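Predicted, not measured: the structure shown is a model, and the values here were computed from it. By convention in this document, chain letters (A, B, ...) are assigned in the order of the sequence lines, proteins followed by strands, and residues within each chain are numbered from 1.
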Number of protein chains: 2
Amino acid sequence: MAKRKENSTNMLNEKLIMECDLLYAINKVGGRWKLMILSKLQKRKLRFSEIKREIPTITERMLALQLRELEKDEFVKRTVYAEVPPKVDYELTAVARELIPVWRQLENWAKKHRKYEGVDHVTP
Amino acid sequence: MAKRKENSTNMLNEKLIMECDLLYAINKVGGRWKLMILSKLQKRKLRFSEIKREIPTITERMLALQLRELEKDEFVKRTVYAEVPPKVDYELTAVARELIPVWRQLENWAKKHRKYEGVDHVTP
DNA sequence: CAGTATCCATTAAGATACTG
DNA sequence: CAGTATCTTAATGGATACTG
């Protein structure tokens with residue numbers, strides 16, 4: 001799926017950036033949905049449809065895509081149960097859980113400094 | 001510049017996400033270049049051309065765009081000197097500096113956990 | 001239930017040329 | 001020096017229909 005130009009400057013720049021540990025860490029949970037999904041999994045494991053219910057505005061396509069990436073990067077563990085109808089659930093890995101305190105700090109920083117932009121802030 | 005559909009689901013989703021402090025914090029320094037730029041400014045203020053020299057693969061367009069956003073979000077302070085030829089420099093704000101210890105933790109997490117993907121990791 | 005597949009819209013990023 | 005302007009390409013996200 002979509003692997004046009006392996007040696008475009010675009011690709012090279014992305015590789016360059018990901019060589020840096022910090023940039024790697026930020027970019028792996030960047031994007032619109034990943035942290036949102038991870039935050040929903042903090043309390044307990046959830047099924048696909050449960051996550052979808054928690055984040056109603058995400059499409060199934062995006063949810064599936066993001067979950068695949070999070071799984072590949074070992075932020076979540078996917079478990080398939082041999083049942084019918086099918087049952088799959090997702091849970092945070094230990095590696096992901098280690099990030100929670102760091103997220104809290106980021107959150108506190110944001111709470112403290114961001115300017116009010118006419119929205120109510122939410123803590124997931 | 002480009003303000004097509006104000007009420008697309010896309011826009012609504014972006015707003016929703018940014019109501020969360022944590023997601024705000026991550027997304028403000030997300031993207032390919034922002035953290036890279038900020039890290040270069042940790043030691044001292046730099047001029048436009050100096051940043052460009054530190055990050056040779058960024059285009060002038062991208063550097064200018066990212067600096068504008070970082071300025072707007074108050075991560076950097078832009079100073080114009082009334083000289084000719086023109087001189088402008090950029091420095092981290094106090095708000096941005098408060099994030100440095102958090103970055104360090106993220107970095108340590110990444111160092112510890114990321115799998116080796118055939119690249120040498122770099123600490124800026 | 002837990003996804004894929006397909007198609008389209010939006011945004012991010014890059015190349016290059018040009019300017020006060 | 002410190003940028004803009006313009007154009008093109010790549011990546012991301014959304015809508016919708018369909019399936020094992």
Could you state the atom-to-atom distance from [atom1] of [X] to [atom2] of [N] in whole Å?
X	N	atom1	atom2	result
A/Lys34	D/dA11	NZ	C1'	13 Å
A/Lys15	C/dG14	NZ	P	14 Å
B/Ile58	C/dT16	CD1	C1'	16 Å
B/Met62	D/dT9	CE	P	18 Å
B/Leu63	C/dA15	CG	C1'	16 Å
A/Leu12	D/dT9	CG	C1'	15 Å
A/Glu69	D/dG13	CD	C1'	12 Å
B/Arg32	D/dT12	CZ	C1'	12 Å

Using a cut-off of less than 4.0 Å, is there contact between a side-chain N or O of [X] and OP1 or OP2 of [N]?
X	N	value
A/Asn13	C/dG14	yes
B/Ser8	C/dT10	no
B/Thr59	C/dA13	no

* Quick one: salt bridge (Lys or Arg N to Asp or Glu O under 4.0 Å) pairs with a partner in residues 75-84 of chain B, sequence neighbours left out? ->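 Matches after skipping sequence neighbours: B/Lys77-B/Glu91.
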* Residues in side chain to side chain donor-acceptor pair (under 3.5 Å) with A/Gln66, at least two apart? ->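 Residues passing side chain to side chain donor-acceptor pair (under 3.5 Å) with A/Gln66: none at all.
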* So which pairs with a foot in residues 37-64 of chain A pass ring-ring contact (aromatic ring centres under 6.0 Å, His included), sequence neighbours left out? ->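 Of all non-adjacent pairs touching residues 37-64 of chain A, none passes ring-ring contact (aromatic ring centres under 6.0 Å, His included).
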* **ring-ring contact (aromatic ring centres under 6.0 Å, His included) partners of residues 70-104 of chain A, not counting sequence neighbours, each pair once** =>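 For residues 70-104 of chain A, and leaving out neighbouring residues, the ring-ring contact (aromatic ring centres under 6.0 Å, His included) pairs sorted by first residue read A/Phe75-B/Trp109.
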* Do A/Glu74 and B/His113 meet the criterion of a side-chain donor-acceptor pair at a distance under 3.5 Å? ->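 Side chains of A/Glu74 and B/His113: no pair found under 3.5 Å.
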* Can you sort out the partners of A/Lys43 under salt bridge (charged side-chain N to carboxylate O under 4.0 Å, His left out), two or more places apart, ordered by chain and number? =>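 Salt bridge (charged side-chain N to carboxylate O under 4.0 Å, His left out) check on A/Lys43 returns nothing, list empty.
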* **Residues that A/Glu69 engages under salt bridge (charged side-chain N to carboxylate O under 4.0 Å, His left out), provided they are two or more places apart** =>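 With sequence neighbours excluded, A/Glu69 shows a salt bridge (charged side-chain N to carboxylate O under 4.0 Å, His left out) to A/Lys34, given in chain and number order.
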* **Selected nucleotide, minimal atom distance to A/Gln66 side chain, candidates D/dA11, D/dG13, C/dG14** =>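 It is D/dG13.
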* To do: Examine distances only and state if a side-chain atom of B/Arg32 and a backbone atom of A/Asn10 form a donor-acceptor pair shorter than 3.5 Å.
  =>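 Answer holds: yes.
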* Sequence neighbours excluded - side chain to side chain donor-acceptor pair (under 3.5 Å) pairs with any residue from residues 47-57 of chain A ->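 Pairs touching residues 47-57 of chain A that pass the test: A/Thr57-B/Asn13.
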* Asked: When the C1' atoms of the five terminal pairs at each end define the local axes, what inter-axis angle does the helix from C/dC1-D/dG20 to C/dG20-D/dC1 show, to 10 degrees?
  ->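 Axis-to-axis angle, ends of the helix: 60°.
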* To do: Sugar-phosphate means primed atoms, P, OP1 and OP2; the rest is base. With that split, encode nucleotides 1-6 of chain C 5' to 3' as B, S or - using protein heavy atoms under 4.0 Å.
  => BSBBBB
